[in-house]
Structure formats: C-alpha cells, structure tokens
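Note that the structure is predicted; figures quoted are calculated from it, not measured. For ligands, and for the atoms within them, numbers begin at 1 and follow the listed sequence.
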Amino acid sequence: MSISENIKEFKSGLPKGTTLVAVSKTKPISDLMEAYNAGQRIFGENKIQEMVEKWEQMPKDVEWHMIGHVQRNKVKYMAPFVSLIHAVDSLKLLKEIDKQAAKNQRCISCLLQVKIAEEDSKFGMDEADVRLLLNSDEIKGMANVKIVGLMGMATFTNDEPQLRSEFGKLKKLYDALSQTHQFTTLSMGMSGDYKIALEEGSNMIRVGSAIFGERNYS
Ligand SMILES: *Cc1c(COP(=O)(O)O)cnc(C)c1O
C-alpha cells in the first residue's frame with residue numbers, strides 16, 4: 001500500500017481520541033508530503049538536526065514531535081518550533097528545555113520517558129525517579145515547560161503477554177499520577193505493538209515503518 005493509503009487506513013481505524021504520530025525519521029520530504037497531502041499533520045523525528053531541516057522545508061501547520069533521546073546542547077535548535085518532546089529523562093534536561101523555551105517566549109509540552117522494557121535500555125527513568133522529578137521544588141519554578149504525560153517503549157518482542165504487562169505497568173503509573181497532575185497524553189505503541197498498546201490504554205502512538213515502509217540506514 002502507498003503512504004497515503006496507509007495514513008487513511010490509520011485515520012479511519014484508530015479509536016476516537018487517539019493521536020497518530022507519523023514517524024518520518026530517515027525518510028525524504030517527498031514521503032512526508034505524501035502523508036501531509038493525505039491529511040497527516042503530526043510528524044515524529046528522533047534527531048534534532050534532521051527535524052530542523054524538515055521543519056524548514058515542510059508547510060508551517062505541521063506539528064513536530066521529538067521522539068528520540070535529546071542532547072541538552074541541541075535543545076536550542078528545536079525550541080522555536082517543537083510541539084512535544086517525548087523522551088525527557090532528567091531534571092537537567094528539563095531545565096534546559098525551560099530555559100530555551102523562555103528565550104523563545106514559548107511553553108513547551110513534554111512527556112517523561114519511563115523505562116518499561118525488560119531488556120536493558122539506556123534511556124528512561126524508573127517509577128521512583130519520575131515521582132521525585134514531579135515532586136521536586138525546582139520543577140515548580142519552571143514556567144516554560146509543561147509535563148503533560150508519559151512515554152514508554154516496550155521490549156522488542158512478539159511475546160504478547162510480556163507487551164501487555166509492560167504497557168499495563170505504564171498505564172497504571174499514568175493513572176496514579178493523573179490523580180495529582182494534569183496529564184493528557186500517554187505515548188506508547190509503535191508499528192509492531194500499537195494494537196496491544198491501544199488495548200492497554202495508550203492515547204498516542206508513534207508509527208513509522210507501518211506507514212512509510214522499512215527504513216534504510218545504509
Ligand atoms: C523509530 C521510532 C518509532 C517508530 O518505529 P516503527 O517500528 O518504525 O513504527 C517509535 N518510537 C520511537 C521512540 C522511535 O525511535
């Protein structure tokens with residue numbers, strides 16, 4: 001199927017209230033434009049430089065999501081336009097986002113990345129870190145960032161019970177924190193596991209290869 005057919009199929013098939021982030025990393029502008037012309041407006045990238053280049057070339061009503069690990073020294077390049085940063089994993093990073101957002105007179109929405117995968121992944125916080133960060137005094141002084149929810153990546157596996165358990169854990173934490181925080185967004189699910197993620201309570205999925213085809217990194 002073509003990119004535009006894939007977009008249309010996702011749009012018509014997703015439950016109401018679900019946001020589709022079209023993950024366009026490594027893909028050329030012509031592919032993004034095909035998705036755009038089929039009605040897609042939210043694109044996800046995992047490298048800041050690549051996102052900036054695409055932002056410059058694409059129509060200005062696109063919302064850009066940074067879904068990858070963020071290096072603090074590069075926040076300044078995306079601060080003028082990024083609409084959601086999915087993978088915030090430290091107070092230090094949040095401080096830098098707040099500083100750069102202030103310089104641009106913006107408030108930038110962020111998600112905290114939680115480590116849910118069994119496999120050893122370098123990124124993401126555990127539950128205790130998340131609670132510490134949300135309850136820290138420093139965060140209360142940050143006027144230019146808003147933490148609107150959580151993001152997680154499950155283990156790369158076809159083991160459905162394991163995926164359910166990992167996504168379920170994140171949903172439980174999300175619900176618990178929602179009691180005291182104004183959360184709107186639970187970002188979980190990719191091409192291989194978004195159906196299970198949705199069943200487990202995701203309301204934002206990040207889909208790349210199921211829309212644009214396999215990525216070629218060579
Ligand atoms: C690449 C990427 C995705 C999309 O992966 P697909 O399997 O191609 O859908 C989703 N989330 C993150 C954080 C990614 O880096």
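Note: F43 and W64 have tilted aromatic rings, judged against thresholds of 30 and 60 degrees for the angle between ring planes.
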N/O to N/O under 3.5 Å, ligand 1 against protein:
from, atom 1, to, atom 2, distance (Å)
ligand 1, 8 (O), S209, N, 2.8
ligand 1, 8 (O), S209, OG, 2.9
ligand 1, 8 (O), R215, NH1, 2.7
ligand 1, 8 (O), R215, NH2, 3.1
ligand 1, 9 (O), S191, N, 2.9
ligand 1, 9 (O), S191, OG, 2.5
ligand 1, 9 (O), G208, N, 2.8
ligand 1, 11 (N), R206, NE, 2.9
ligand 1, 15 (O), K25, NZ, 2.7

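Closest approach of G168 and E200 over heavy atoms only: CA-OE1, 4.0 Å. Residue L112 comes nearest to V130 through the heavy atom pair CD1-CG1, 4.0 Å, listed as atom of the first residue, atom of the second, then distance.
Applying the ring-ring contact (aromatic ring centres under 6.0 Å, His included) rule to Y194 yields the partners F10; only residues at least two apart in sequence or on another chain are considered. Listed by chain and residue number, nothing satisfies the ring-ring contact (aromatic ring centres under 6.0 Å, His included) test with F212 (two or more places apart in sequence, or in another chain). With sequence neighbours left out, the side-chain hydrogen bond (donor to acceptor under 3.5 Å, both in side chains) criterion links T184 to no other residue.
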